[in-house]
Number of protein chains: 2
Amino acid sequence: MSNASSSRRRRGSARTTLTQVAEAAGVSAITVSRALNTPERVNAETRRHILATVERLGYVPNLVAGSLASASSRFIAVIVPSLANAVFIEVIQGLQETFEARGYQILLGNTDYDLDREAQLVRTFLGWSCSALVTAGLRHSEACHNLLNGWDKPIMEMMELGEALDLNVGLDHAAAGHCMARHLLQRGHRQIVYVGGRMAKDYRAGLRYAGHREELAAAGLEAPLIDLERLGSLEAGADALDQVLETHPRADAIHFANDDLATGALLHAQRLGLGVPKDIAIAGFNGLPLGQHVTPRLTTIRSPRHRMGRLAADRLLTRLDGGSVSVRCNVGFSLLVGDST
Amino acid sequence: MSNASSSRRRRGSARTTLTQVAEAAGVSAITVSRALNTPERVNAETRRHILATVERLGYVPNLVAGSLASASSRFIAVIVPSLANAVFIEVIQGLQETFEARGYQILLGNTDYDLDREAQLVRTFLGWSCSALVTAGLRHSEACHNLLNGWDKPIMEMMELGEALDLNVGLDHAAAGHCMARHLLQRGHRQIVYVGGRMAKDYRAGLRYAGHREELAAAGLEAPLIDLERLGSLEAGADALDQVLETHPRADAIHFANDDLATGALLHAQRLGLGVPKDIAIAGFNGLPLGQHVTPRLTTIRSPRHRMGRLAADRLLTRLDGGSVSVRCNVGFSLLVGDST
DNA sequence: CGCTGTTATGTTAGCGCTAACATCCTTTTT
DNA sequence: AAAAAGGATGTTAGCGCTAACATAACAGCG
């Protein structure tokens, strides 16, 4: 039950070891090891006998020892900037499903959008002899680069596309920004404000804004920007709407960096009695279910988050199995036209 | 002859080891180990010199080897039933913040509400010599019980209260069910339908239903139950509303097992032009931000999820530091009266 | 002056497992 | 029939680190 037992054994735990199983089964340690890890290399009868002994003694393999001896753990390091964002959760789920089915364990790290923390996490994860590393984004600190460059295992950079260290699965954020801006222009909006949150850190929102701005520039329009101090949340979105109404009273559309902000603004507009899109159009990014359940339905861009996770995991597994995969994979996105624009 | 590195490297990686750092610094391996792990036990000057050498050689400690030698990793196993539910994400965040600040790494497992998968995960995590284990819920498979009973490290069971293996932080779900039912009765509702999702698996929803039913029984009322095949989602909530309207046309209130379902129903009622709470009252459970941003605001019960995570982590850390903590901790809940009832 | 206590460092012996090589059969090939 | 190939199991030697004990040097003390 609790950690009460304070025996004075010199080292080691009371747990059954592989050697004890071997003795009990009347075989050598390596045979037990093989029966558990590469069963096809052991005679069927011997195997059955060993597994029965394992069961009888309640043996739980010491994975730490195994990893040390084989110089590789079945860990996959996964580093994301935030857990508060449903987007990363879905990517993680995609990764997890695929990896767990193949016996890999995910080691999750959260950088809170801080590149130094990322380097720190990478350091720790390398120390665990992970089989591969997955991280969100292509931007890293110099320390992080140094650590990763000297590493000999697969690295997957996700979410965006570009010059990667190794493998890369993601989508083109600038193109997504272009796409939504074009849509808003087509709908006749001309005073379009872009609203993001902590964009110095969430630089992918910045990439989308760059696309948005180019599109507006091509139409001879300004692209005012509001950069909130908070990341996405319904509350921040509601506040942002107030701010836009005050600072850009002639705005006819708001292009939000994510669906949380957009939906928060949309629900707040409802409370204020503002017509959406009649008085002001609202657009988001991500394609979260929430946006599709409010009235009017949110116009947004859907990214295949879950699929991105699965794809990334599949490619890493292929690589780990010795296969070769193409370096870059564009998962694309789709414009989801709702009634809010 | 030092044929050590001349022949093909038999084992091991190209990475710098602690012994190499020790040689380069002109001290013994254990001194380097101490300089890194218990710096106060090493002379300040020696320490500085060693750390400089570590830096110069780009040494990254092999945590696997350290864990094997010390028979304990700085891993905390965390097992939750789902990542799709914001509730668990927030609990995890609370745990993570607290543990990471103290140098522990979370090892996350997802059971998908399957007790056999839980046992499987526990097995794996024990194999990693975790320092402690956190799991959601008090119900486990027999295999899981056996594994945990023979374990000598702290165990924390979260979310609900009751007979625990070791430590327990949570809230009283039956009381929460009572509380909301009482509120609905006070508001004059009499035909109250309870709607949950996969309640055989999400048995805490069942505990709340039991409280709900008792409260209604005390008022001489029936407590019809609808158990959906899906867990919480906005879409499932919308469908559930349709189902209630069809099968219980005289219902005047719906008590949902979670906010996702409740909000989905609420938004759907809006689309259908139904008045909430005039035509039908809607109540949820969790107190997610979403419910507080829709109109009418959702009546729900708020659980201190983030705090639950922090509290659990704090208690485990106290335990790990050799301190003693009380076994049970009730974090409570609060009724959040909105405009939907 | 020896005694004890303290601080700083070193020596030894594993932790529990698996890679690599070795051995001993049985089967297949030539 | 001898040689080669393959299958099953064993022996040896670590993986890289740290617990436990050992040593040394020095301060404080009666």
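- A:Thr124 and B:Gln105 are not linked by any side-chain donor-acceptor pair at a separation below 3.5 angstrom, with hydrogens and angles left out of the test.
- C:dG16 atom P lies 13 Å from atom CG of A:Leu63, rounded to whole Å.
- Remark: B:Glu45 CD is loosely packed, at most 12 non-hydrogen atoms of other residues, nucleotides or ligands lying under 6.0 Å away.
- In this structure, the side chains of B:Leu138 and B:Met159 stay at 4.5 Å or more apart for every pair of heavy atoms.
- Residue A:Ser28 places at least one side-chain N or O closer than 4.0 Å to OP1 or OP2 of D:dG10.
- For the pair B:Arg41 and B:Ala65, both in contact range of DNA chain C, the more 5′-proximal nearest nucleotide belongs to B:Arg41.
- For D:dC15, the OP1/OP2 oxygens have no side-chain nitrogen or oxygen of B:Thr17 closer than 4.0 Å.
- Among the nucleotides D:dA8, C:dG14, C:dG16, the one closest to any side-chain atom of A:Ala69 is C:dG16.
- Nucleic acid contact for A:Val42: sugar-phosphate only, since backbone atoms but no base atoms lie under 4.0 Å from a heavy atom of the residue.
- Looking at the side chain of B:Thr31, the nearest of the listed nucleotides C:dA8, D:dG16, C:dG10 is C:dG10.
- Panel note: side chain A:Arg74, backbone A:Gly103; a donor-acceptor pair is recorded below 3.5 Å.
- Atoms CG (B:Leu18) and C1' (C:dT9) sit 14 Å apart, rounded to a whole Å.
- Taking atom CD of A:Glu40 as the reference point, atom P of D:dG6 lies 17 Å away to the nearest angstrom.
- Looking only at side-chain heavy atoms (C-beta outward), B:Thr17 and B:Asn62 stay at 4.5 Å or farther from each other.
- Using a 4.0 Å heavy-atom distance criterion, B:Val27 is classed as a sugar-phosphate-only contact.
- In this structure, A:Thr46 reaches the sugar-phosphate backbone alone: every heavy-atom distance under 4.0 Å involves primed, P, OP1 or OP2 atoms, never a base.
- Considering only side-chain atoms of A:Ile30, the nucleotide from C:dC17, D:dA19, D:dT11 that sits closest is D:dT11.
- Computed from coordinates, the B:Arg74 CZ to D:dT18 C1' distance equals 15 Å when rounded to whole Å.
- When the P atom of D:dT11 is taken as reference, atom CD of A:Glu23 falls 12 Å away, rounded to whole Å.
- The CD1 atom of A:Ile50 sits 8 Å away from the P atom of D:dG10 (whole-angstrom rounding).
- In this structure, the CD atom of B:Gln20 is 10 Å from the C1' atom of D:dG16, given to the nearest Å.
- Applying the 6.0 Å contact sphere to CZ of B:Arg328 captures more than 12 heavy atoms from other residues, nucleotides or ligands.
- A:His49 has its NE2 atom 12 Å from the P atom of D:dT9, to the nearest Å.
- Taking only side-chain nitrogens and oxygens, B:Asn37 comes nearer than 4.0 Å to OP1 or OP2 of D:dT18.
- One finds a side-chain N or O of A:Tyr59 lying less than 4.0 angstrom from the OP1 or OP2 phosphate oxygen of C:dC17.
- Within 3.5 Å, no donor on the side chain of B:Arg15 pairs with an acceptor on the base of D:dG16, nor the reverse.
- Distances shown here put a side-chain N or O of A:Ser33 below 4.0 Å from the OP1 or OP2 atom of C:dT18.
- Not one side-chain nitrogen or oxygen of A:Asn62 sits closer than 4.0 Å to the OP1 or OP2 atom of C:dC15.
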